[in-house]
Amino acid sequence: MQARAARFAAGRVSMHRVRLATWNVNSLPARMPRVLEWLARVQPEVLCLQETKVTAEAFPAAELERLGYAHVADGEGGRNGVAILSRVGLEGATRGFPGEPGAPITVEKAPAGTAPSLERRAIAATCAGVRVWSLYVPNGRSLDSPHFAYKLAWLAALRAAIEAELSACPQLALCGDFNVAPSDRDVWDPAAFIGSTHVTAEERAALEQLLQLGFTDVQPRALKGAPFTYWDYRAGMFHRGMGMRIDLVLLSHALAGGVGDAYIDRDARKGSKPSDHAPVVVDLDASV
DNA sequence: ATGGCCGACGAAGTCGGA
């Protein structure tokens, strides 16, 4: 910090405002009209996307470039897929992370001995001095599913990779759909989730161990109602306020002190053909 | 109050999501 202060005094470090956002769009091709409208309205410097459901080759780059956004993306079509959009530069992109486990193989669909397959759930890049990760944590499906063990293993491996990343990049932001509600306050009715994924002690412990590396779980304000980021499409859950906060922005201590406004853009969940998730927007000060 | 919605894939019905 003293070194940074000295560089700042010498004029080689400048503080700048970064509007950083994360949004599980549930298919970028299907969501492009909403995403383009949202970018033009909210004007984030950086947007992390999850569930893009599009390969890197088919990524709709041209329409985003017209709004001034460069991108890095990784995807497999059909499901999963992550990306980062930035209008303040993108450097040093990495896909996945060391030690990342693969998804369980459905026995009926694969020959015996088939190796678990890596999914496209993590991408990182440096944007204006901030190391940004866009993460899509596995769902887990049910407590007795192999996919639940995969979720926990994936989070444990992520923690190990992030521990190394944090020592190299003090200004570090972990953004995305964590598929974990950090506390009972983060679901509309804790009783309704007993026996379900997203709220178990194991999942919350895995998230807590990530936080204990030195991150703050930014608490965004709600535009209306409780500060949830996800509402199921079914049964009018959104209009009944029956949601969850599972999309998170975790900021390293070097960034957490510079947070200005932080909010969940509930309006993006309204209207025609919305994603089932709302974007989380965080204004922060970073230094270059 | 997860049967009930939505998207992908592919061209009808499943799967996955959380």
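Quick note on labels: first sequence line is chain A, next is B, and so on, each numbered from 1. Just so you know, these numbers use all the heavy atoms, side chains as well, and skip hydrogens, waters and symmetry mates. The model shown is predicted, which means the values in this text are computed figures rather than measured ones.
Near-neighbour residues of DNA chain B inside residues 173-183 of chain A, defined by a heavy atom below 4.0 Å, number-ordered: D177(A), N179(A). Of the residues in residues 193-211 of chain A, those placing a heavy atom less than 4.0 Å from an atom of DNA chain B are H198(A), in numerical order.
Aromatic pair W23(A)/W38(A): centroids less than 6.0 angstrom apart. Proximity of the aromatic rings of W154(A) and Y136(A) is defined here by a centroid distance below 6.0 angstrom, and this criterion is not met.
In this structure Q43(A) satisfies the side chain to side chain contact (heavy atoms under 4.5 Å, CB included) test together with R87(A), sequence neighbours excluded. The ring-ring contact (aromatic ring centres under 6.0 Å, His included) test applied to F178(A) returns no partner, not counting sequence neighbours. Partners of Q219(A) under the side-chain hydrogen bond (donor to acceptor under 3.5 Å, both in side chains) rule, at least two apart in sequence or in another chain, are D217(A). Contacts of F59(A) classified as ring-ring contact (aromatic ring centres under 6.0 Å, His included), with partners at least two apart in sequence or in another chain: H71(A).
Residue Y136(A) is in sugar-phosphate contact alone, with no base atom involved, counting any heavy-atom pair closer than 4.0 Å across all strands shown. Using a 4.0 Å heavy-atom cutoff across all strands shown, D189(A) reaches no nucleic acid atom at all.
One P atom belongs to dG13(B), the other to dG4(B), and the distance between them is 16 Å to the nearest Å. When the C1' atom is used for both dT14(B) and dA1(B), the distance is 24 Å, rounded to whole Å. Spacing between dG7(B) and dA11(B) at atom C1', rounded to whole Å, works out to 15 Å. Using atom C1' as the reference point in both dG10(B) and dC15(B), the two lie 13 Å apart (nearest Å).
Distance, D276(A) CG to dC5(B) P: 14 Å, rounded to whole Å. The NE2-C1' distance, from H147(A) to dG17(B), rounds to 12 Å in whole Å. One interatomic measurement links the two molecules: CG of L28(A) to C1' of dA8(B), which rounds to 14 Å at whole-angstrom precision. Taking atom CE on M242(A) and atom C1' on dC5(B), their separation rounds to 14 Å, with Å as the unit. Atom CE in M237(A) sits about 13 Å away from atom P in dC5(B), given to the nearest Å. To the nearest angstrom, P of dG17(B) lies 11 Å from NE2 of H277(A). Between N139(A) atom CG and dC6(B) atom C1' the separation is 15 Å, expressed in whole Å. Computed from coordinates, the N80(A) CG to dA8(B) C1' distance equals 12 Å when rounded to whole Å.
Here R234(A) does not reach the OP1 or OP2 of dC5(B): none of its side-chain N or O atoms lies under 4.0 Å away. A sub-4.0 Å separation between OP1 or OP2 of dG7(B) and a side-chain N or O of R31(A) is present. Remark: K53(A) is not in phosphate contact with dG17(B), judged by side-chain N or O atoms under 4.0 Å from OP1 or OP2.
Both tests pass for R269(A) against the ring of F238(A): distance under 6.0 Å to the centre and angle within 45° of the axis.
Between Y233(A) and I246(A), the residue anchored nearer the 5' end of DNA chain B, judged by the nucleotide with its closest heavy atom, is Y233(A). When the nearest nucleotides of DNA chain B are assigned to M244(A) and S27(A) by heavy-atom distance, the more 5′-ward of the two goes with S27(A).
Screening E91(A), Q171(A), E165(A) against R131(A) for a side chain to side chain donor-acceptor pair (under 3.5 Å) leaves a single residue, E165(A). With N26(A) as reference, K53(A) is the one residue of H277(A), K53(A), Q50(A) to meet the side chain to side chain donor-acceptor pair (under 3.5 Å) rule.
Side-chain atoms of N179(A) come within 3.5 Å of backbone N or O of V137(A) as a donor-acceptor pair.
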